[in-house]
Amino acid sequence: MIPYSIPSITFDPITGTINGVQPQDRKLSDLKGYFIDSNAYNARLALDNPVIYSVASVEPDQGDGQLHYGIGVIAPGQVGAEYFMTKGHFHAWRPAAEVYIGLSGEGFMLLEEETTGKETLLPLNAQHIVYVPGATAHRTINTGSVPLVYIGIYPSAAGHDYGVIAERNFNSVLVNVNGQSTLVKRDRFSIAS
Ligand code: PAN
Ligand code: ZN
């Protein structure tokens, strides 16, 4: 017998579209306060309000043992020297880990452990896997010239805690310095650099 009640899901690894799933867009205006160069942010917003990233989420079920997943698409671009990126978050249920798999494009994941503040920057390109441990803030960053597309798979109970990062942001920023992706401590970054 074929279990028809479990749907077959298809996606496009280049556009990040999941058939039948409406993505949620995050526009530049939704990211107020996240980019370090507020002058560059305001100047860009005065021109237009592009979609910085979108996420198509699939939540098949809730409860113990269940998983949710989402395909993220981050547009290429910068605000000042800082690459387009996600807001980043902790999971509301701190022990919840997550697996990210790069599908297309070029970028990085910035991880920051909550208790130690330890930072890790890992490439997230096609065929890269990044394991995000529990209690670790995670942000995805597009350093390439085409959309960065990835899938994240996490416990259904994980939830999103955006508050801590919205308040204090990550300790470091990933910026383009003479064409090189460079991680700089937030408090040492100067706009002229
Ligand atoms: C991902 C993220 C996605 C968007 O599905 O939600 O990359 O990033 P923000 O949620 O930080 O805006 C995930 O990590 N879920 O847990
Ligand atoms: Zn997450």
Side-chain angles (χ1 to χ4, degrees), residues 9 11-13 15-18 21-36 41 49-62 65-77 79 82-114 119-126 128-144 146-174:
I9 309 266
F11 69 92
D12 183 325
T15 63
T17 308
I18 305 179
V21 178
Q22 184 66 38
Q24 184 184 36
D25 290 341
R26 298 282 190 204
K27 298 179 123 185
L28 187 64
S29 57
D30 299 318
L31 289 161
K32 188 171 169 53
Y34 282 89
F35 291 98
I36 196 165
Y41 176 87
N49 187 18
V51 172
I52 305 297
Y53 65 98
S54 65
V55 186
S57 301
V58 180
E59 303 183 349
D61 207 349
Q62 307 282 344
Q66 301 297 329
L67 299 173
H68 290 173
Y69 58 93
I71 293 188
V73 181
I74 308 179
V79 172
E82 194 173 14
Y83 300 101
F84 284 4
M85 61 186 187
T86 60
K87 290 182 172 182
H89 60 271
F90 287 98
H91 291 147
W93 180 41
R94 287 296 194 271
E98 181 162 2
V99 172
Y100 274 70
I101 302 169
L103 301 175
S104 60
E106 287 175 26
F108 289 90
M109 286 199 73
L110 179 58
L111 309 182
E112 193 179 297
E113 286 176 29
E114 185 164 38
E119 298 169 291
T120 309
L121 185 69
L122 291 167
L124 186 69
N125 303 326
H128 283 222
I129 299 171
V130 173
Y131 182 80
V132 181
T136 302
H138 44 291
R139 165 174 283 166
T140 315
I141 304 161
N142 184 352
T143 56
V146 297
L148 173 64
V149 184
Y150 57 90
I151 185 167
I153 305 164
Y154 48 95
S156 64
H160 293 82
D161 175 355
Y162 290 104
V164 176
I165 295 301
E167 176 88 5
R168 68 153 177 82
N169 221 320
F170 284 71
N171 288 323
S172 292
V173 288
L174 191 66

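Counting convention: from 1, in listed order, for ligands and their atoms alike.
No more than 12 heavy atoms of other residues, nucleotides or ligands shown are found within 6.0 angstrom of CD on E167.
What sits closest to atom 7 (O) of ligand 1 on the protein, heavy atoms only, is Y150 OH, 2.6 Å. Shortest contact from atom 6 (O) of ligand 1 to any protein heavy atom: H160 NE2, 3.4 Å. At the shortest separation from atom 14 (O) of ligand 1 among protein heavy atoms lies Y100 OH, 2.5 Å. From the protein, the heavy atom lying nearest to atom 12 (O) of ligand 1 is Y53 OH, 2.5 Å. Closest to atom 10 (O) of ligand 1 among all protein heavy atoms lies Y162 OH, 2.5 Å.
Judged purely by atom type and a 3.5 angstrom limit, D25 has no side-chain atom pairing as donor or acceptor with the backbone of V51.
Heavy atoms of A158 come nearer than 4.0 angstrom to ligand 1 in no pair at all. Heavy atoms of Y69 come nearer than 4.0 angstrom to ligand 1 in no pair at all. Distances from ligand 1 to the non-hydrogen atoms of H91 include at least one value under 4.0 Å.
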What's the verdict on side chain to side chain contact (heavy atoms under 4.5 Å, CB included) for N142 and Y53, showing C-alpha distance, side-chain angles and the deciding distance?
-> CA-CA 10 Å; N142 184 352; Y53 65 98; over 6 Å; no

Candidate pair H160 and H91, rule side-chain hydrogen bond (donor to acceptor under 3.5 Å, both in side chains), full reasoning = CA-CA 5 Å; H160 293 82; H91 291 147; 5.6 Å; no

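Salt bridge status for K87 with D30: absent, with no side-chain N to carboxylate O gap under 4.0 Å.
At under 3.5 Å, not a single nitrogen or oxygen of R26, backbone or side chain, sits near a nitrogen or oxygen of ligand 1.
Here is the list of ligand 1 atoms found below 4.0 Å of a heavy atom in V55: 3 (C), 4 (C). Less than 4.0 angstrom separates some heavy atom of H138 from each of these atoms of ligand 1: 14 (O).
The minimum heavy-atom distance linking Y154 with Y69 is given by the pair CE2-CA, 3.9 Å. The shortest heavy-atom contact between H128 and P123 is ND1-O, 3.3 Å.
In this structure, NE2 of H89 and NE2 of H91 enclose an angle of 110° at the Zn ion (ligand 2), rounded to 10°.
Between the side chains of E119 and N171, no donor-acceptor pair of N or O atoms lies under 3.5 Å.
When non-hydrogen atoms are compared, ligand 1 lies under 4.0 Å from the side chain of E98 (C-beta onward) but not from its backbone.
Put simply, CD1 on I151 and CD on E98 are 10.0 Å apart, with the number rounded to the nearest 0.5 Å.
The Zn ion (ligand 2) lies closest to atom OE1 when only the N/O/S atoms of E98 are considered.
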